[in-house]
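Down below is the structure, laid out as structure tokens.
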Amino acid sequence: MARLAQTAGLTDIQQEILSTVRDFVDKEILPVATELEHRDEYPQAIVDGLKELGLFGLMIPEEYGGLGESLLTYALCVEEIARGWMSVSGIINTHFIVAYMLKQHGTQEQKDHFLPRMAAGDIRGAFSMSEPALGSDVSAITSKAVKDGDEYVLNGQKMWLTNGGTSSLVAVLVRSDEGHPEGTAPHKSMTTFLVEKEPGFGEVRPGLTIPGKIDKMGYKGVDTTELIMDGLRIPADRVLGGVTGRGFYQMMDGVEVGRVNVAARGCGVAQRAFELGVQYAQQRHTFGKPIAQHQAIQFKLAEMATKVEAAHAMMVNAARKKDSGERNDLEAGMAKYLASEYCKEVVEDAFRIHGGYGFSKEYEIERLYREAPMLLIGEGTAEIQKMIIGRRLLEEYRFQG
């Protein structure tokens, strides 16, 4: 039987890229991931290796120095990287959401200024929607931008920035009532600002503070932070696309890419959990034989493998739909929902197969068990995905009575 989660119809170039990434994961990520994760250490050597491979420019057009590859190629690379260590896939995810938003919505000047350096990995991207009291209700954003001559003054507090410290460019969504009369729907009075800053913590530019890393249960190594704006001045030419009031739509377009990414991460973590489970089941003996020969364990392995295959197929479908230029919020929502839920279940089954050893930090499955829950929340909870899916289904199957 072929390895799980194979993808039909890939070009020779796509297969070569994936083979290169898979080798990198096996040699450079898997041997050190658990140790770095336990130390909550940023994987600088791994990130430098990804930069050498050109992965920071994977989806950026060739005219800007990137590889010009598809969302599918990117998602399959993310799947491989997450199989090694999910935190590493998070480092490139937010980078690519910002690069995608620039490519799709930026002015020509913004593309020329940022994309070549993003492709080279010299500028690392992060994006910021959430706030401390926000949750899934994006319309409740309170951070605000006020026009002052040729600049905007930004004030407010943002939350849950992946790459908040290590990034040098942050796409920040805030309210901007200027030009939008009172009573305008909240999502029509939001603007995305391109905020350049120095990497690090503390005051990283006048009016902008990154307080420090948030200590998390899992998803360690990668820095997750707050962002505090207090009189932050941003030139008007750093409004994404050059026009205010379009930020919500720009962010949602980027989040669709992010949801495919989270689905791919779920697939990668689930694959690794299956690999660990099926390997351990053949090594561990009880009652005179490997536990893999017990029917109860075989049932678990069968269910795990089926879930890995199903999640992978939905993720690939969502990526291909986006690449075709079609609306893919239904497919991305389904893929993100299914892959994250199945990932949790596959990881837990692998944890159960390991028995008491799964509770030990010496075994890799312990790390996966703490990482999987983040996927249930990132880029929209399961409940939000169900809302998106339900509304789109009612659009497609509207009763004509």
Side-chain angles (χ1 to χ4, degrees), residues 11 13-25 28-29 42-82 88-128 161-172 192-199 222-223 237-238 240-242 250-251 253-258 260-261 264 319 322-323 325:
T11 66
I13 292 176
Q14 286 175 313
Q15 291 175 357
E16 184 177 344
I17 290 172
L18 286 176
S19 176
T20 300
V21 172
R22 188 176 300 128
D23 287 345
F24 181 84
V25 168
E28 306 296 335
I29 298 182
Y42 186 78
Q44 188 61 58
I46 293 172
V47 171
D48 290 343
L50 294 177
K51 182 177 175 179
E52 281 187 32
L53 291 178
L55 283 192
F56 284 101
L58 188 63
M59 276 181 64
I60 295 174
E62 293 180 8
E63 63 190 281
Y64 299 107
L67 298 179
E69 274 296 329
S70 64
L71 177 59
L72 175 62
T73 307
Y74 167 63
L76 294 175
C77 288
V78 166
E79 183 179 39
E80 292 292 344
I81 292 170
V88 179
S89 65
I91 291 170
I92 62 174
N93 176 39
T94 54
H95 176 83
F96 271 106
I97 291 177
V98 177
Y100 174 83
M101 290 168 62
L102 273 163
K103 181 183 75 171
Q104 295 296 108
H105 306 288
T107 65
Q108 191 59 54
E109 185 275 332
Q110 290 167 353
K111 294 177 187 178
D112 292 340
H113 181 75
F114 289 113
L115 288 180
R117 288 184 291 162
M118 293 186 80
D122 296 332
I123 287 181
R124 308 276 171 78
F127 82 109
S128 177
L161 276 78
T162 300
N163 292 332
T166 49
S167 61
S168 45
L169 174 65
V170 186
V172 182
T192 302
F193 286 87
L194 300 170
V195 178
E196 298 174 82
K197 69 176 188 65
E198 290 297 318
V222 59
D223 48 296
D237 63 5
R238 288 299 175 256
L240 180 61
Q250 294 164 345
M251 279 280 178
D253 191 21
V255 165
E256 284 184 12
V257 172
V260 173
N261 171 285
K322 187 78 170 176
D323 283 333

**OP:** First locate atom CG of Leu76, then atom CG of Leu71, and finally report the distance between them rounded to the nearest 0.5 Å.
**Re:** 9.0 Å

Subject >> Closest contact, heavy atoms only, Ala99 versus Leu115 >> reply: O-CD2, 3.9 Å

Original post:
Does the side chain of Tyr74 come within less than 4.5 Å of Val260's, by heavy atoms?
Top reply: no

Subject >> Minimal non-hydrogen separation, Ala75 against Ala264, with atom names >> reply: O-CB, 3.3 Å

Original post:
So, for Gln14 and Ser70, which heavy atoms are closest and what is the spacing to 0.1 Å?
Top reply: NE2-OG, 3.7 Å

Would you mind writing out the side-chain donor-acceptor pairs for residues 55-66 within the sub-3.5 Å range, not counting sequence neighbours?
from	atom 1	to	atom 2	distance (Å)
Tyr64	OH	Gln108	NE2	2.9

**OP:** For residues 64-81, pull every pair meeting salt bridge (Lys or Arg N to Asp or Glu O under 4.0 Å), keeping only residues two or more places apart or in separate chains.
**Re:** Arg3-Glu80, Arg22-Glu80, Glu80-Arg83

**OP:** Only pairs at least two apart or in different chains count here, so list each salt bridge (Lys or Arg N to Asp or Glu O under 4.0 Å) that has a residue in residues 95-119.
**Re:** Glu109-Arg238

**OP:** With sequence neighbours excluded, tell me which residues meet side chain to side chain contact (heavy atoms under 4.5 Å, CB included) with Gln15.
**Re:** Leu10, Asp12

Subject >> Gap separating the CD1 atom of Ile97 from the CZ atom of Phe127, nearest 0.5 angstrom >> reply: 4.0 Å

Original post:
Given side chains that start at C-beta, do those of Val88 and Ile92 come closer than 4.5 Å, heavy atoms only?
Top reply: no

**OP:** Go through the structure and list residues passing ring pair (Phe, Tyr, Trp, His ring centres under 6.0 Å) with Phe193, not counting sequence neighbours.
**Re:** Tyr152

Subject >> Distance in Å, Thr11 OG1 paired with Glu16 CD, rounded so as to fall on 0.5 Å steps >> reply: 9.5 Å

Subject >> Shortest non-hydrogen separation from Leu161 to Ser128 and the atoms involved >> reply: CD1-OG, 3.5 Å

Show every donor-acceptor pair shorter than 3.5 Å between a side-chain atom in residues 46-54 and any protein atom, with sequence neighbours excluded, or say none if there are none.
from	atom 1	to	atom 2	distance (Å)
Asp48	OD1	Gln44	NE2	2.9
Lys51	NZ	Asp122	OD1	3.1

**OP:** May I have the step-by-step check of side-chain contact (heavy atoms from CB on, under 4.5 Å) for Phe114 and Ile123, ending in yes or no?
**Re:** CA-CA 8 Å; Phe114 289 113; Ile123 287 181; 4.0 Å; yes

**OP:** Go through the structure and list residues passing side-chain hydrogen bond (donor to acceptor under 3.5 Å, both in side chains) with Asp323, not counting sequence neighbours.
**Re:** none

Cut-off 3.5 Å, no hydrogens considered: what does the side-chain donor-acceptor table look like for residues 163-171, sequence neighbours left out?
from	atom 1	to	atom 2	distance (Å)
Asn163	ND2	Ile91	O	2.8
Asn163	ND2	Thr94	OG1	2.7
Thr166	OG1	Asp223	OD1	3.0
Ser167	OG	Asn163	O	2.7
Ser168	OG	Arg124	N	3.2

Subject >> With Ser19 via side chain to side chain contact (heavy atoms under 4.5 Å, CB included) - residues at least two apart >> reply: Asp23

Original post:
Which heavy atom in Gly90 sits nearest to a heavy atom in Thr162, and how many Å separate them?
Top reply: O-CG2, 3.7 Å

**OP:** Could you check if a side-chain atom of Gln110 sits within less than 4.5 angstrom of a side-chain atom of His105, using non-hydrogen atoms only?
**Re:** no

Original post:
Any side-chain heavy atom of His113 sitting closer than 4.5 Å to one from Thr107?
Top reply: no

Original post:
With distance as the sole test, does Gln104 use its side chain to make a donor-acceptor pair with the main-chain N or O of Gln250 at under 3.5 Å?
Top reply: no

Subject >> Nearest non-hydrogen partners of Ile17 and Cys77, listed with the distance >> reply: CG2-SG, 3.7 Å

